[in-house]
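Notes follow once the structure below has been shown.
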Amino acid sequence: MSPTIARSSLYLAMSFCALLLAACGGDSYSPAASDPPPTQVDPPPPSAPQPPPVALADSHTDLVPATIGSPPGWPTWSGTGQPVGDIVCLTNINYHIHALVSIYKDGVRQGLPDNIGRSGCTYELHTHDVTGVVHIEASAPTKFTLGQFFALWRQPLAGSGTAGLAGPIRFYIIDRETLTPYTGDPGEIELTAQREIVIVSGTPPATLPRYRWPEGI
C-alpha cells in the first residue's frame, strides 16, 4: 500500500472514531446533572386566633343603674354651634328617639362624655350622661347614623381603630334583644329607637347585658 493511500485510510479511520466519540460524548462526557433538591416551601402562617364568642345575658339589667357608673373613657367634648356635616343645632323637636352606644375596652364598658353635642348649642344628636344613651331629636323623622355621631364627636370610627382604641374593633347590633355581629361599614349603622350598638376593643366581655330600657325612652 502506498504511503498516500495509507495516510488517507488513517485519516478516514481517525475521522470515523472522532464522529463516534462525539456521538457518545467523547472526552467531554460528564454525568447528567442530578435533579435539583425540592424547593423548601414555608408553611402558611397560623391563622389569627378568633375572638371568643359574645353572648347576650339571659336575664335583664336596668339600663341606667348599670351604666351610670361607667368610667369616663374620653375628655369633655366642646363644640362651636356650627353644623357638623348634616347635623345642625336643634330648632323644633317633633321627632325624639334614643339609641345606645356601648364601647368596651378589654371587657370594661367605657363611659362616653356626658355632653357630646351639647356645647355651643344642642345638636340633633347628643348625650346627657356617661351611659351612652344618644338622644336623637329633630324637627321631623330623619335617618341618622353612627358615622354622623362619631363625626360630631370628632373621633375615628373603623375596624382598625375607633375613638382612640386599638383594633381590630368588633361591632355588634342588639335589636329587640337579638345580638347580631356587624361586619359592614360601621359608619352606615343607623341609629334607631332602642337599638344598642356595641363596639369592642381587645378582649370582649364574655356576656353582654340584656338591658331593660327605662319607661319613656
pair V133-T127: side-chain heavy atoms closer than 4.5 Å: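 They are not in contact (no side-chain heavy atoms under 4.5 Å apart), so the answer is no.
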field: Nearest heavy-atom neighbours spanning D86 and E124
entry: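 Looks like O-OE1, 3.6 Å.
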Contact summary for S201 and A166, nearest pair of heavy atoms: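 Minimum heavy-atom contact is OG-O, 2.8 Å.
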Connected via hydrophobic side-chain network under 4.5 Å: [X] and [Y]:
X: L125; Y: I116; value: yes
X: W213; Y: I97; value: no
X: F149; Y: I173; value: yes

| query | salt bridge (Lys or Arg N to Asp or Glu O under 4.0 Å): which pairs involve residues 171-188, sequence neighbours left out? | reply |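 Of all non-adjacent pairs touching residues 171-188, those that pass salt bridge (Lys or Arg N to Asp or Glu O under 4.0 Å) are D175-R195, E177-R210.
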Under 3.5 Å, side chain of D62 to main-chain N/O of V64, donor-acceptor pair present?
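Pair absent, no side-chain N/O of D62 close to backbone of V64.
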Note to self: Checking one residue: V108. Which other hydrophobic residues are in its cluster under the side-chain 4.5 Å linking rule?
What the structure shows: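 When side chains under 4.5 Å apart are linked, V108 ends up in no cluster with other residues.
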Connected-component partners of I93 among ILVMFWY, side-chain separation under 4.5 Å
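Taking Ile, Leu, Val, Met, Phe, Trp and Tyr as members, I93 shares its hydrophobic cluster with L90.
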task = Could you check L146, L100, I103, V134 and say which one makes a side chain to side chain contact (heavy atoms under 4.5 Å, CB included) with I197?
result =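 Going through L146, L100, I103, V134 one by one, the side chain to side chain contact (heavy atoms under 4.5 Å, CB included) with I197 is satisfied by L146 alone.
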Exercise for review: Among residues two or more places apart or on two chains, list those pairs meeting disulfide (SG to SG under 2.5 Å) that have a residue in residues 90-191.
Suggested key: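 Non-adjacent pairs meeting disulfide (SG to SG under 2.5 Å): C89-C121.
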T162: partners by side chain to side chain contact (heavy atoms under 4.5 Å, CB included), with sequence neighbours left out: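 T162: side chain to side chain contact (heavy atoms under 4.5 Å, CB included) contacts with F150, L157, I169, F171, I199.
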Regarding S102 and E196, do their side chains bring together a donor and an acceptor under 3.5 Å, going by distance alone?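 Yes, a side-chain donor-acceptor pair sits under 3.5 Å.
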Say whether H98 and H135, considering side chains only, have a donor N or O and an acceptor N or O under 3.5 Å apart.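 Looking only at side-chain atoms, H135 and H98 do form a donor-acceptor pair, the distance falling under 3.5 Å.
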Please list every donor-acceptor pair under 3.5 Å in which a side-chain atom of residues 74-83 meets a protein atom from a residue at least two apart or in another chain.
residue	atom	partner	partner atom	Å
W74	NE1	A163	O	2.8
W77	NE1	L152	O	3.0
T80	OG1	Q82	N	3.2

Where does the angle between the aromatic ring planes of H126 and H128 fall among parallel (under 30°), tilted (30 to 60°) and perpendicular (over 60°)?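 Ring orientation, 0 to 90° scale: perpendicular.
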Q | Separation of L63 CG from T61 OG1 (nearest 0.5 Å) | A |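 Result: 9.5 Å between the selected atoms.
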Q.
How long is the straight-line distance from CG of D129 back to CG of D114, given to the nearest 0.5 Å?
A.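 The CG atom of D129 is 7.5 Å from CG of D114, to the nearest 0.5 Å.
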inquiry  = Can you tell me if D58 has over 12 outside heavy atoms packed within less than 6.0 Å of its CG?
reply    =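 12 or below, so no.
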